[in-house]
Chemist: 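After the C-alpha cells below, expect a handful of questions from me.
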Amino acid sequence: MYILLALIAACSLGVALHFLMPRRDLRGVAVTPAIATATAAAVYTIMQWSGIGEGDVWLWVASIGAGILLAAAATAAITARRTRHDALEKQALGI
C-alpha cells in the first residue's frame with residue numbers, strides 16, 4: 001500500500017513539472033504526470049523485488065526522483081519534436 005504514496009507524490013510533482021516547463025500548449029496535460037507516475041511505479045516495484053524495504057529512504061528517493069527526471073527529459077523531447085514537426089508542416093503548407 002505504500003506504493004500509492006510514492007505514486008501520488010510522483011503524479012503531483014509531474015503535474016507541477018508540466019506547468020513549470022515551457023511550451024505546455026504543445027503537449028497534453030496528462031503526459032508529464034503519466035510518465036512520472038509510470039516510471040515511479042516501475043522503479044518502486046523493481047526495488048521492492050530486489051529486497052529494499054519500505055522504510056529505506058532510498059526507495060522513495062529513487063522512485064520519485066527517477067519519475068521526475070525521466071518525465072522532465074521525455075517532456076522536453078516531446079516538446080522539441082512537436083516544435084520541429086509543426087515547423088516542417090507549416091513550411092510544407094506554405095504558411
Chemist: Is there a path of hydrophobic side-chain contacts, each under 4.5 Å between heavy atoms, that joins L17 and L70?
Modeler: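 Per the 4.5 Å side-chain linkage, L17 and L70 are not co-clustered.
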Chemist: Under a 4.5 Å side-chain heavy-atom rule over Ile, Leu, Val, Met, Phe, Trp and Tyr, are V43 and Y2 clustered together?
Modeler: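 Yes; tracing contacts between hydrophobic side chains, which count when under 4.5 Å, links both residues.
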Chemist: Give the minimum heavy-atom separation between H18 and R27, together with the two atoms involved.
Modeler: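 Looks like O-NH2, 3.1 Å.
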Chemist: Any side-chain heavy atom of L59 within less than 4.5 Å of one from Y44?
Modeler: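 Yes; the side chains approach each other to less than 4.5 Å.
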Chemist: So which pairs with a foot in residues 70-95 pass ring-ring contact (aromatic ring centres under 6.0 Å, His included), sequence neighbours left out?
Modeler: none
Chemist: Can you name the side-chain hydrogen bond (donor to acceptor under 3.5 Å, both in side chains) partners of S63, sequence neighbours left out?
Modeler: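 Counting only residues at least two positions away or on another chain, S63 forms no side-chain hydrogen bond (donor to acceptor under 3.5 Å, both in side chains).
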Chemist: Nearest 0.5 Å please: distance from the CD1 atom of I78 over to the OG1 atom of T83.
Modeler: 11.5 Å
Chemist: Do M47 and L7 sit in one hydrophobic cluster, given that two such residues count as connected whenever their side-chain heavy atoms are within less than 4.5 Å of each other, even indirectly?
Modeler: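 Yes.
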Chemist: Any side-chain heavy atom of R82 sitting closer than 4.5 Å to one from R23?
Modeler: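 In short, these two side chains do not touch, never coming nearer than 4.5 Å.
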Chemist: Any link between I52 and W60 through a network of hydrophobic side chains (Ile, Leu, Val, Met, Phe, Trp, Tyr) touching at under 4.5 Å?
Modeler: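 In one cluster: yes.
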Chemist: Can you tell me how far the CD1 atom of I3 sits from the CD1 atom of I8, to the nearest 0.5 Å?
Modeler: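 I3 atom CD1 to I8 atom CD1 measures 11.0 Å (nearest 0.5 Å).
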Chemist: Between C11 and P33, what is the shortest heavy-atom contact and its length?
Modeler: O-CB, 3.9 Å
Chemist: Are any of the side-chain nitrogens in K90 or D86 under 4.0 Å away from the carboxylate oxygens of its partner?
Modeler: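 Salt bridge flag = no for D86 with K90.
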Chemist: By the definition side chain to side chain contact (heavy atoms under 4.5 Å, CB included), identify the one residue from V31, T32, D25, L26 that meets it with T79.
Modeler: L26
